[in-house]
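Input: a single structure, listed below in structure tokens.
All chains are named by letter (A, B, ...) in the order of the sequence lines, taking the proteins before the strands, and each is independently numbered beginning at 1. Owing to the predicted nature of the structure, the values given are computational and were not obtained by experimental measurement.
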Amino acid sequence: MRATLAFTIKEFQVLVRDPGGLFVLFLMPVMFMVVFSLALGGLFEEGAARGSARALEVPVAIGGAGEVAEQVVEQLDATQGLAMVREQNGQPLTAEKVAQLVADGEYPVGVVFPEGLTALLEDPRILRGEQVQPLEVAVIVDPATTAQVTGPLEGALSAVLQQVVGRRLGEAGAALWFEQVAVGLPAEVRERLAALMQQGGQGGGALPVTTRRQVPPGVEREQFPDQFQQNAAGYTVMGVFFIATVMIESIFVERRSGAMRRLRAAPVGRAPILISKLVPFYVVNLIQIAIMFAIARLAFGLDLGFVPALIVVSAALALVATGLGIALAGVARSETQGTGLAVIVVLTTSALGGVMVPRFIMPEAMQQIGNITPQAWAIQGYQDVLVRGQGLGGVWLEAGVLLIFAAVFTALGIWRFRFD
Amino acid sequence: MSSADNGTLLRAGGVMHRYGDLTAVNDVSLNVRRGEVFGLLGPNGAGKSTLIGILCGMFAPTAGSVHLGDVPVTPGARSAKQRIGVVPQDIALYEKLSGRQNLRFFGRVYGLGGRRLRERVEAVLDVVGLSDRGNDRAETYSGGMQRRLNLAAGLLHEPELLILDEPTVGVDPQSRNHIFDSVERLNQDKGVTIVYTTHYMEEAERLCDRVGIIDHGKIVALDTPRALIESLGGGVIQIGIDPGQAEQVTEILAALESVQAAGPGPDERLLNIEAESARHALVDVMQAMNAAALEVETVRILEPNLESVFLRYTGRSLRD
């Protein structure tokens, strides 16, 4: 009993001697609580309020579609969880602009109404029941977006279109019938019959307007990914960053053994020691990525797209992860603090970077913060290749940003590195 | 022991090192002669390891300088570091690697490669008697064997100067003797200059041509072991007294003809008495104490050796 007490007291004393480690220990759950609450708050409240960060913002181009399109957009805008964006910088959005916004990843989905929509519904041929070429309302979808996000919009759009177009056709048909056939009917009877006809117009039948899902121009991949394909990039990115914890442990074990101190007496500088420390972990990371994608390909049929582009993103990503490991090892004062810090940093930045949940469902501020995480750029790069079918030209920006992250982290690690 | 004196190999001048408010090394100046075994004798915490770190260029001193020949020894001085071998107090090895793998790693760090590296690895394994265990993981070695491998890693690049920081701490007698033999052979057969830190006076007496006694970061005495011991004269008597009577006792005993000096011991209950002949002086001391009705609680005669030298210069034991 006495010995147990002595060990217990000793352990407390050791913990107290490492206040940084304790701080990390306490900070971790707090960070998770705060970040996940902020990032996912919208998912857990019933009924996303209009205009709030939880509503799905949808850019829409009305152009020359006219009054019918205006009515559809108004009704969609009144739908819970949807916020239609009609203009940017005071200018109405065009079809090209909407496609561009989706292609750039600023919005997951957009809507483009066809020119002449309202005019088509006034075409006498339709009222006479003749066949006309139907118009399409385009739903522009980022292929990297999940069906859970686009589904509600597409459903609402179809329903509202049917309602508005049907009513419109009913009104026009009734007017035509009264003008040409039932001219002599009393006003009261005409009113009642018109209401009945409008109801009938909403009832269904083939409308001359349809919706069509399409990817933005320039995005080559027509195939829409399944859930696993979308998440393969995220899981890979998150896994790669956990190399930081292993690196920190390795560096602290080496320090503890005195081997680092011994190396300090050797005729080598700190940079070669650190870089030689990075290389094995870098290789481990590349192997890890290769295994992840091999499993995704073989077990789940993931189309790897243009593999050289995938390699470029992976090479840059692995550099960032090892750089982060060396930086955290330099900053941390103890092994406990270092590994705890790594877990916090990796999980927090992964959440912010869209590893666990798509960034577009986060509030705008969180999305902006996410841009400063390497994970966001890595996922964007992978999705460009895997989902959007991009080649080397499509990932140079992401790879470049990742290399900047790697350079900053590695420089910080070399600057802060201590032998003992 | 080699006593060849071909000039100074390592020179430290006014070296000082502080950790915050603590002065770990305080104005140390010393010359290590080419071909000698130079001992740094001091208790734990005396500043030996910090001084060693500065002497081998691990870190820069707060003040002062170190030169190997004419080359300054600094953290960035690769040419100087290439000529120095270091065996740290820690068993600074990679436990998961075999003895040979460890040695290959450290050999490469010092620029060895290919056939030369293979030859040197086998040679140093032979020196420390681990050739037959070279392929075993270091974690399977006994503490003594790990110490020997630790020593081997410092010999790979055939340094001119080998710095050994407490190389025998925690080892069994067999490994300790093996390390002693290795150090002696390196010095005598290969002419390697050695700086050897220890808090075991027997090691310093056996191995070292000259010994610097270090305490609280200062070199308090420096000479050959024999000269240091002879400087004591006959030896030291250590008596236990009532701390309240210390001043009175010191005054009485210092006045005795057979006593050379009397002063405080390692703690307030002990008094150190230096004498030409400790055994003869003891009779006078006991008579004087009896005459003054002062009680002597304990008596200890310290034979002349480096332990008593250390006691004389620092007032405390090496093992304190």
Side-chain angles (χ1 to χ4, degrees), chain A residues 13-14 16-20 243 245-284 287 322 325-326 329-330 332-336 338-339 411 413-420, chain B residues 19 49-50 52-60 66 68 71 73-97 102 105-112 138-139 146-147 149-154 156-157 159 161-166 169 195:
Chain A
Q13 287 170 334
V14 170
V16 169
R17 289 284 169 88
D18 183 10
I243 198 78
T245 60
V246 184
M247 289 181 73
I248 289 164
E249 193 181 345
S250 161
I251 288 170
F252 274 94
V253 164
E254 203 163 343
R255 265 188 208 155
R256 205 166 48 232
S257 74
M260 281 287 188
R261 186 176 161 86
R262 179 173 218 153
L263 291 173
R264 202 174 179 183
V268 287
R270 66 169 63 194
I273 292 173
L274 274 173
I275 288 166
S276 67
K277 196 90 189 156
L278 288 174
V279 171
F281 291 103
Y282 182 71
V283 173
V284 167
I287 293 170
T322 47
I326 216 83
R333 298 284 150 189
S334 70
E335 189 176 339
T336 310
T339 49
I414 291 174
W415 173 49
R416 299 284 297 173
F417 181 76
R418 298 182 315 282
F419 282 91
D420 51 7
Chain B
Y19 296 107
S49 292
T50 302
I52 288 297
I54 293 166
L55 294 182
C56 68
M58 278 185 190
F59 45 87
V66 177
L68 184 72
V71 182
V73 181
T74 62
R78 295 187 185 180
S79 62
K81 285 179 163 183
Q82 186 68 40
R83 296 162 60 193
I84 301 173
V86 179
V87 180
Q89 188 173 349
D90 299 314
I91 297 176
L93 300 167
Y94 297 92
E95 291 189 338
K96 300 291 177 192
L97 302 184
N102 268 287
F105 167 72
F106 285 110
R108 287 190 191 104
V109 167
Y110 279 88
L112 300 179
E139 66 186 353
Q146 288 181 339
R147 284 267 167 213
L149 185 61
N150 207 30
L151 169 61
L156 282 158
H157 60 294
L161 174 68
L162 179 64
I163 297 178
L164 300 160
D165 189 7
E166 306 254 13
V169 168
V195 173

To the nearest 0.5 Å, tell me how far B/L55 CG sits from B/I84 CD1. 8.0 Å

Between chain B and chain A, which donor-acceptor pairs sit under 3.5 Å apart?
residue: A/E254; atom: OE2; partner: B/Y94; partner atom: OH; Å: 2.3
residue: A/R262; atom: NH1; partner: B/A92; partner atom: O; Å: 3.4
residue: A/R262; atom: NH1; partner: B/N150; partner atom: OD1; Å: 2.6
residue: A/R262; atom: NH2; partner: B/V86; partner atom: O; Å: 3.3
residue: A/R262; atom: NH2; partner: B/N150; partner atom: O; Å: 2.6
residue: A/R264; atom: O; partner: B/K81; partner atom: NZ; Å: 2.8
residue: A/R264; atom: NE; partner: B/M58; partner atom: O; Å: 3.0

Let's test your reading of the structure: which of B/A77, B/P75, B/G154, B/A153 forms the most heavy-atom pairs below 4.5 Å with chain A? B/A153

From OH (A/Y282) to OG1 (A/T322), nearest 0.5 Å: 7.5 Å

d(A/L263 CG, B/F105 CZ) to nearest 0.5 Å is 4.5 Å

How close do A/I248 and A/T339 get, heavy atom to heavy atom, and via which atoms? CG2-N, 3.9 Å

Which bit of B/L93 comes within less than 4.5 Å of chain A, counting heavy atoms only: side chain, backbone, both or neither? both

Quick one, B/L151 and B/L162 - any side-chain contact, counting heavy atoms below 4.5 Å? yes

If we only count heavy atoms from C-beta on, is the B/I52 to B/M58 side-chain gap below 4.5 Å? no

Relative to chain A, which segment of B/A80 carries a heavy atom at a distance below 4.5 Å: side chain, backbone, both, or neither? neither

Spacing of CG belonging to A/L278 relative to CD1 belonging to A/I326, to within rounding of 0.5 Å: 4.5 Å

